[in-house]
2 protein chains.
Amino acid sequence: MTGSVRLLLADDEHLIRGALATLLSLEDDLVIVAEAASGPEALAMARAHEPDVAVLDLQMPGADGVKVATSLRAELPGCKVLIVTSHGRPGHLKRALEAGVRGFVPKTVSAQRLAEIIRTVHAGNRYVDPELAADAIAAGDSPLTAREAEVLELAADGAPVAEIAERAALSQGTVRNYLSSAVSKLGAENRHAAVRLARERGWV
Amino acid sequence: MTGSVRLLLADDEHLIRGALATLLSLEDDLVIVAEAASGPEALAMARAHEPDVAVLDLQMPGADGVKVATSLRAELPGCKVLIVTSHGRPGHLKRALEAGVRGFVPKTVSAQRLAEIIRTVHAGNRYVDPELAADAIAAGDSPLTAREAEVLELAADGAPVAEIAERAALSQGTVRNYLSSAVSKLGAENRHAAVRLARERGWV
DNA sequence: GCGGCCTCCTGACATTTGTCATGCGGAGTG
DNA sequence: CACTCCGCATGACAAATGTCAGGAGGCCGC
């Protein structure tokens, strides 16, 4: 019924990208029209080749899969995006779906399974790995306000309050208040543990 | 000249392992005799199949590549270990070499290149990715004493001093002294930034 | 065996935090 | 319009952390 599905493959790891390209090419109805090793390159390739489905790694240098997906959605609405990831953090899934991504799978699936999912997505359906979906639902929505999240993010690399205050253009007292409320909302022992928790749940 | 090289492939990501298996099988002189998705499984498979070369992912559930390599060295001295990794942290390389690993490459290499390296390793030579080697040399040796490193590691998840002291069976004052000296040695602003730095350089 | 380094401790102090009460203006909701 | 959040702030206090000075014992190399 359909002709072949034209694919863009983006992953910064040569080994994996190449291997994947070979494996997917074995499927009769899939053809890889472009490959990319970075976010910007993926975008450029997509513009040049207008693939039916873009298979993007979540973590790439330059711009991550979700950012690329956002741009693609605007420029090539017909191109479906499928995100593949090693570390399935709940928050990423949410961000990805908001960016209009049509599929989200961990790298633990087999190539056959991936091929099927590519077809599913190409047919206009969505596919989200059940386990990741369950995690995302379990993690729920972020209880943090925008400011709390922002301050927490600035605290992520261990910067002292003074520096956070400066970078966020807030008073030190305010920063401490936000951190304090974030910490208590997350049930953490201190801000650093809070950062860790928020990271795990994908809230930062 | 030599017969075929018998390989064990271990990586927790099905997609990658499968793809890799297929690609490497295309090489006439390479044959995959076993696959594993975790550290312990890799060990069990190695015992059962006694491969010539074990290609291990650095990060796997159960036991990481280096731990597996250590065990393999003891149990199957004839089996050469080649570590493949996504995130090339300098410290890992050092630990790996100490564990008797014969090769260490990032996943950014191509499959052809990997095949060559497998042959190199099988022939009894060593191979370390030049870029990773350069990084490792640049990062140098850890300036931390064993205790400092231990305490810093316990501080990694944001635990308060009291907890660290308990877990390390030290007094709180001692813990603070170790942390303090570690922080100053690393030139960090506080212990959390120090943890980050030490992580980056592979010293924890 | 002496000096140097590491480990482990104590105690005191300055600084950085976390916590709480409180206030004010704006946005959104009922 | 009253009410409730959020953003932003102050100030004050308690607790955790960082910094110094010092001291004792152990191990190693010279």
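Every chain is numbered from 1 and lettered A, B, ... according to where its sequence line falls, protein lines coming before strand lines.
Expressed to the nearest 0.5 Å, how far CZ of A:Arg191 lies from NE2 of B:His192 amounts to 7.0 Å. For the atom pair CD1 of A:Ile117 and CZ of A:Arg102, the computed distance is 14.5 Å after rounding to the nearest 0.5 Å.
More than 12 heavy atoms of other residues, nucleotides or ligands sit less than 6.0 Å from atom CZ of A:Arg6.
Whole-Å rounding puts the B:Tyr178 OH to D:dC20 C1' distance at 17 Å. Whole-Å rounding puts the B:Glu163 CD to D:dT17 C1' distance at 15 Å. Atom CD of A:Glu148 and atom P of D:dC8 are 11 Å apart (whole Å). The distance from atom CZ of B:Arg147 to atom P of D:dG26 is 16 Å, rounded to the nearest whole Å.
For the OP1/OP2 pair of C:dC8 and a distance below 4.0 Å, the side-chain nitrogens and oxygens of B:Ser171 include no atom meeting the criterion. OP1 or OP2 of D:dG7 has not a single side-chain nitrogen or oxygen of A:Thr174 nearer than 4.0 Å.
Defined by atom type and a distance below 3.5 Å, a donor-acceptor pair is missing between the side-chain atoms of A:Ser184 and A:Ser181. With no hydrogens or angles considered, no side-chain donor-acceptor pair links B:Gln59 and B:Thr85 at under 3.5 Å.
For B:Glu148 (side chain) and B:Thr145 (main-chain N/O), a donor-acceptor pair under 3.5 Å exists by modelled atom type.
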Letter by letter from the 5' end, nucleotides 13-30 of chain C scores (B base, S sugar-phosphate only, - none; protein heavy atoms under 4.0 Å) ----BBBBB---------

